[in-house]
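Down below is the structure, laid out as structure tokens.
In what follows, every chain begins at residue 1, and chains take the letters A, B, ... in the order their sequences are listed.
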Amino acid sequence: MSQLKETILKTTANGDKAFVPYIMAGDGGLDKLQSTILKLQELGVTAIEVGIPFTDPVADGPTIERAGERALANGATLRKIIETLRSFAEQITVPLVAMTYLNPILAYGVEEFARDAKAAGIRGVIIPDMPLEESSVVHPPLKDEGIALVQLVSLASSPERIERLTKASEGFIYAVTVNGITGARQSFADELGEHFKMLQSSTDTPVLAGFGISTPDHVRNFGAICDGVIVGSKIVDSLANDDWATIEDLVKVSKVAPVK
Amino acid sequence: MTTTEVKGRFGRFGGQFVPETLMTALQELEEAYDKYKIDEDFQNELSYYLKNYVGRETPLYFAERLTAHVGGAKIYLKREDLNHTGAHKINNALGQALLAKRMGKKKIVAETGAGQHGVATATACALLGLECIVYMGAEDVKRQALNVFRMELLGTKVVGVEKGSATLKDAVNEALRHWVTNIEDTHYILGSAMGPHPFPTIVRDFQRVIGDETRKQIIEVENRLPNAVVACIGGGSNSIGMFYPFVEDQDVALYGVEAAGLGIETGKHAAAINGGQTGVLHGAFMYLLQDENGFVQEAHSISAGLDYPGVGPEHCYLNDIGRATYVNATDAEALEGVQLLCRTEGILPALESAHAIAYASKLAKTMSPDEILVICLSGRGDKDVHTISSALGGDLA
């Protein structure tokens with residue numbers, strides 16, 4: 001079992017829900033990466049999704065896209081981000097999950113990336129523009145390093161696809177809650193409960209909900225129907241405004257007992 | 001067949017590098033296309049509109065004065081500029097709009113660079129009663145104001161994209177985002193032979209009418225096949241449509257002309273095969289302009305329609321196996337091509353097509369008078385008069 005999956009299962013075994021914040025590496029400068037990750041750890045997050053900026057982020061909405069543009073303007077690249085993470089890797093206690101478009105990995109070299117990512121504390125990878133059918137290029141090198149390749153499942157995925165995706169997904173299953181791109185949403189479709197029931201019944205791998213989750217109510221409601229949540233745009237916005245109170249409020253909801 | 005089509009691949013190129021949300025839509029599209037491409041009723045409907053609405057077949061015209069001026073091979077022009085809406089783009093837009101209608105999709109989204117695909121899509125949607133939204137780079141909205149107005153007249157909503165380089169690649173990003181968000185009722189009419197499978201195949205099939213007609217016409221007139229065929233390449237739809245029916249005729253040399261902008265050595269160009277490396281963008285593995293970090297670089301070309309950092313996967317494959325030769329022409333050479341064709345033949349070509357004219361005139365010189373060269377004249381240049389005027393030091397705007 002991957003370390004990522006083990007960590008999430010340990011969290012849910014306590015009755016807590018997994019809480020995975022998404023940060024855009026390099027937003028506010030690469031210097032900020034260390035303090036942000038260490039502070040999120042202290043708040044008791046389960047894992048941290050580290051976004052890698054890209055010039056053409058087709059799966060992202062305006063909040064993350066703009067954060068990516070800021071990170072690019074700060075000179076952030078996959079290579080520099082991994083170097084920065086390695087510089088404080090011994091202080092990282094939660095699994096990091098890199099969310100990156102495919103082309104930066106191809107340019108890095110898949111095997112070299114897998115090796116360096118592991119040394120930098122990366123335990124999972126999400127590639128939003130690489131569906132399961134195209135994953136054979138990156139999967140073996142990641143597997144060799146014990147890095148989980150997380151699959152996204154969408155509302156539009158057919159039952160037959162869902163079965164294949166949930167079987168193949170490592171670490172956790174990233175259940176996309178809306179048809180669309182990342183970003184805060186007011187409301188979600190009513191039939192989501194059924195969708196998550198089906199996902200959970202088809203696998204023992206934890207199911208985390210992501211896209212559009214931005215309020216404590218969302219965290220609570222999705223926590224009730226799956227194993228936890230990924231919060232992206234709201235975290236990115238809060239970090240950009242140095243608003244840690246909002247982040248704390250979101251994390252708290254995922255815990256049964258108050259954080260010490 | 002010399003081209004392979006395993007799982008949407010052309011050799012090592014192509015594929016389906018898209019968010020999971022789009023996979024079901026792509027599968028639906030593939031199934032619908034497989035069904036209708038052999039459906040007689042659908043093909044008859046398409047043929048009817050191509051003949052009576054678009055005005056096909058387009059002439060294959062012997063450019064006698066251009067031939068005499070250049071001195072070398074006999075030059076023929078495949079007159080795609082005479083299609084309704086002024087370019088080859090209508091062949092694909094109409095085909096896909098008819099397909100969308102059969103699939104029960106009532107809304108269309110499209111991207112456009114020069115505006116020719118946008119106008120063609122807006123036209124097909126007006127003809128078939130479909131709702132249409134077109135994303136266009138803000139830079140191109142400026143360069144191609146005439147086409148923006150045409151689309152709006154046709155009832156299409158044009159959305160300018162300010163992000164990134166504000167050109168075609170950014171318009172594709174926004175069109176993809178729109179499609180992901182509206183997949184239930186919307187079909188994406190991709191305008192070039194690029195993007196995720198099955199688009200490169202669908203676009204090629206709707207554009208192969210160019211090459212099929214050319215092949216038949218040249219045999220009628222000359223009783224033989226041409227020695228060389230030349231077409232410009234942005235994403236590569238007019239060129240793949242022209243090349244495909246000749247791919248197995250090994251004696252017909254195929255030349256794709258990429259946009260070299262200010263010169264490939266300056267880095268300001270749009271020549272993905274000549275000046276890029278393999279990578280993934282917009283759903284496909286292809287040659288791509290990028291830096292060492294895998295970040296996509298901005299393309300540069302005087303012609304908005306060629307201003308794209310990638311190139312269709314089938315072209316990448318034809319390049320790898322050596323079946324087609326990929327060359328280039330600069331902005332300056334294209335401008336010369338425009339003037340050359342205006343003065344020798346009285347035809348104002350699109351800046352895109354002018355790249356093919358520029359290269360073909362060089363090539364024809366090296367050939368003998370009993371050889372034949374066909375240029376795909378993919379579009380007319382009315383849309384470009386402001387750009388051409390300002391590049392030549394005029395002041396039309």
Looking at residues at least two apart in the chain, or sitting in another chain, which of them share a salt bridge (charged side-chain N to carboxylate O under 4.0 Å, His left out) with [X]?
| X | result |
| --- | --- |
| B:Glu352 | B:Lys383 |
| B:Lys157 | none |
| B:Lys37 | B:Asp34 |

Which one of [options] has the most heavy-atom pairs closer than 4.5 Å to chain B?
| options | result |
| --- | --- |
| A:Leu72, A:Val153, A:Leu155 | A:Leu72 |
| A:Leu78, A:Leu165, A:Leu132 | A:Leu165 |
| A:Ala59, A:Gly61, A:Pro57 | A:Pro57 |
| A:Pro53, A:Ala107, A:Pro104, A:Pro131 | A:Pro131 |

- Message: Give me the atom names and distance for the closest heavy-atom approach of B:Val280 to A:Leu106.
- Response: CG2-CD1, 3.7 Å
- Message: If I take atom CZ from residue B:Phe17 and atom CG from residue A:Leu102, how far apart are they, to the nearest 0.5 angstrom?
- Response: 6.0 Å
N/O donor-acceptor pairs between chain B and chain A, cut-off 3.5 Å:
from: B:Arg9; atom 1: NH2; to: A:Glu134; atom 2: OE1; distance (Å): 2.5
from: B:Gln16; atom 1: N; to: A:Glu134; atom 2: OE2; distance (Å): 2.6
from: B:Val18; atom 1: N; to: A:Asp129; atom 2: O; distance (Å): 3.4
from: B:Glu20; atom 1: OE1; to: A:Arg161; atom 2: NH2; distance (Å): 2.8
from: B:Glu20; atom 1: OE2; to: A:Ser157; atom 2: OG; distance (Å): 2.8
from: B:Glu20; atom 1: OE2; to: A:Arg161; atom 2: NE; distance (Å): 2.8
from: B:Thr24; atom 1: OG1; to: A:Ala156; atom 2: O; distance (Å): 2.7
from: B:Lys163; atom 1: NZ; to: A:Glu65; atom 2: OE1; distance (Å): 2.8
from: B:Lys169; atom 1: NZ; to: A:Asp56; atom 2: OD1; distance (Å): 3.2
from: B:Lys169; atom 1: NZ; to: A:Asp56; atom 2: OD2; distance (Å): 2.8
from: B:Asn173; atom 1: ND2; to: A:Asp56; atom 2: OD2; distance (Å): 2.8
from: B:Arg177; atom 1: NE; to: A:Asp60; atom 2: O; distance (Å): 2.9
from: B:Arg177; atom 1: NH2; to: A:Pro57; atom 2: O; distance (Å): 2.7
from: B:Arg177; atom 1: NH2; to: A:Glu65; atom 2: OE2; distance (Å): 3.3
from: B:Glu184; atom 1: OE2; to: A:Asn179; atom 2: ND2; distance (Å): 3.3
from: B:Val280; atom 1: N; to: A:Asn103; atom 2: OD1; distance (Å): 2.9
from: B:Gln290; atom 1: OE1; to: A:Asn103; atom 2: ND2; distance (Å): 2.8
from: B:Gly294; atom 1: O; to: A:Asn103; atom 2: ND2; distance (Å): 2.9
from: B:Val296; atom 1: N; to: A:Thr55; atom 2: OG1; distance (Å): 2.9

- Query: Can you say whether B:Leu22 sits under 4.5 Å from chain A via the side chain, the backbone, both, or neither, judging by heavy atoms?
  - Reply: neither
